[in-house]
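Encoded as structure tokens, the structure appears first; notes follow it.
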Amino acid sequence: MTAPAILPARGLADRLTGLFWRHPRVLLALLLTPPLLWLGVVYLGSLAALLLQSFYAIDEFSGVVKEEFTLKTYGELLRPSNFDILVRTVIMAACVTLACAALAFPIAYYAARYARGHWKAAFYLGVMLPLWSSYLVKVYAWKLILAKEGIIGWAAERTHTSWIIDGLLSIPGLEGSSLSTSPLGTFAVFCYIWLPYMILPMQAALERVPTSMLEASADLGATRAQAFRTVVLPLALPGVIAGSIFTFSLTLGDYIIPQIIGNSANFIGMAVYQLQGTAGNIPLAAAFAVVPILIMLVYLALARRMGAFDAL
Amino acid sequence: MTSAVEFQNVSRHFGPVKAVDGVDLTIAEGSFFAMLGPSGSGKTTCLRLISGFEKPTGGAIRIFGEDVSATPPHLRNVNTVFQDYALFPHMNVRDNVAYGLMVKGMGRSQRHAKAEEMLALVKLDAYGDRKPAQLSGGQRQRVALARALVNEPRVLLLDEPLGALDLKLREAMQDELKALQMKLGLTFVFVTHDQHEALSMADSLAVFNEGRIAQIGTPQQIYDRPATRFVADFVGSSNVLPPELTRALGGPAEWASLRPEATRLAASGPVRGTVKALRYLGSGTRVVIEANGTEVAALVPAGQPVPEEGATTAFAFDPGALHLMGAN
């Protein structure tokens, strides 16, 4: 007996597969509805609520939010005490991003180009492992490391290099009794905590640059530095941008690290935390929270203008 | 004549793998030289040894008489057309072609003018502003060619440049490449696994097998007088006859090669066989006969009668067509 040209359906799975084959949109709808609901309602919805709040203002006498549209709250952002917070946070985020990029690139390049087998596994483990332990434990550990009596101070004393730390701590703007109470400490801990978020997208981007591109550039007479500038960096730029979005926006929004490490100067995240909590000024907290969103939009627009996504 | 490239007992071993093993080679200046062989035979590694992307583990390589063992790729005056073209996706065609001049410090307008000149040479004048992704495979290939030639290299290396093109385009590009090489008088070193391509384009060629050169010579020498059974089988798709069969056919007891197109079917002969398979080729039919346990192919020109599968037939050939290759 010959086999039939059409095989009988074996059950529900076969019939469903058939249904999806005849109506591809049904499958698409089934797949997309839950995440779109989540994204649309929970993410974008709350973002819209936030945006709305930022256009309200608080009544100075009663402390009650008046539901009238006004730009008064945004005007308050420009008050020197508030504006300082914005500038401080943006400078910190920019410095952290640049330092993370500089630290991450050699590691990501090695992992993408040379690491194979066990070394690759070791790379992923080494980058991911710090992410598995508690954020707070790591930050407090750093507080001890950076403290005057900590390992860095101890090592500096033993090698008679304490003058380097003292010199750094006497630079205006970076003052502190030790690294753990100086903005330098805040910067170092931010770099440590966010570095994996820079390495991973960079490594993924570098991995997609074919070896033949590098060979072609050398073949045409480019030195290593020229190949890096004209071929590797432009092709890896989307990954660098992706990584910098992580480090930049995570630093813009963090409110724990500057509370524990550093000179207790206010950052955007801390301001939001205090305003919505003890101060009860939700509109100003919302206005503060809108700033990182605007900064990221401007940053992305600039990156796009510079051709960062041309290679995508 | 000077030799453009010279290999002296060159080896490239990757641990236990002998990708290239004791190769001696001389490529004459201005010649179109093909490196032919199956994949893994060492031909591409040889090309990469010339460009400098591989370092020899033994022996010496000279380019125009100069030892290049300490010269990095970017200082060798040779350029490569890569198998996947390796065009830079973030640059337009003009900047791709001008890349070599850019990294050597040539000014913008001057290098763009030179790039346009080269694009005209490969008939892509109007394409300077496009991105590589907007081009067809054949056009990308021409850009890769222009990008290499604009640097005026002493030797142009081509790594299976036609492999990704369809048959019609490939044949057109073969003619074009050959014409270009004649016009420029440049030394071309061409890697391919396609025997027809190698035979039709090269002035001389080296047949690679397992990291060594099996034979080196002109296409005619290689086709008519293969040195080994491997060459006979790989290059000519020739019949390789074992010593017993050669003797039964009236020759000495040696291995021999016999080209299918020199073999014809006959009513009677010293050896008879069974028709095993027929393959229609358009210009004729390839008839495979099994005789004394060996498969022998004969080419029956179009218009002549073709036997049926399973029929018994004898075959004949011109005595001069039998090429002897020794007893082992």
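In what follows, chains carry the letters A, B, and so on, assigned in the order in which the sequence lines appear, proteins first and then strands, with residues in each chain numbered from 1.
Residue contact with chain A, scored on non-hydrogen atoms closer than 4.5 Å, is absent for B/Leu157. Heavy-atom distances place both the backbone and the side chain of B/Arg147 under 4.5 Å from chain A. Only the side chain of B/Phe82 comes within contact range of chain A, with heavy atoms under 4.5 Å apart. Interface residue B/Ser51: only side-chain heavy atoms are found under 4.5 Å from chain A. Proximity to chain A is limited to the side chain of B/Asp84, based on heavy atoms less than 4.5 angstrom apart. Proximity to chain B (any heavy atom under 4.5 Å) is shown, for A/Thr223, by both the backbone and the side chain.
Judged by a 6.0 Å distance limit and a 45° cone about the ring axis, B/Arg111 is not positioned over the six-membered ring of B/Tyr99. Relative to the six-membered ring of B/Phe64, B/Arg62 misses at least one condition, a distance below 6.0 Å or an angle of at most 45° to the axis.
A side-chain donor-acceptor contact under 3.5 Å links B/Asn96 to the backbone of B/Asn92. Without hydrogens or angle criteria, B/Asp21 side chain to B/Lys18 main chain gives no donor-acceptor distance under 3.5 Å. Using a distance-only test at 3.5 Å, with no hydrogens or angles considered, a donor-acceptor pair links the side chain of B/Gln139 to the main chain of B/Ser136.
When only modelled atom types and interatomic distance are considered, B/Ser69 and B/Asp67 share a side-chain donor-acceptor pair under 3.5 Å.
Of all the listed residues (B/Met102, B/Arg48, B/Gln83, B/His74), the one sharing the greatest number of non-hydrogen pairs under 4.5 Å with chain A is B/His74. Across A/Arg229, A/Arg224, A/Met213, the residue that shares the most heavy-atom pairs under 4.5 angstrom with chain B is A/Met213. Contact tally against chain A (heavy-atom pairs below 4.5 Å) for B/Leu87, B/Thr80, B/Asn151: the top residue is B/Thr80.
Rounding to the nearest 0.5 Å places CG of A/Leu98 at 9.0 Å from OG of A/Ser244.
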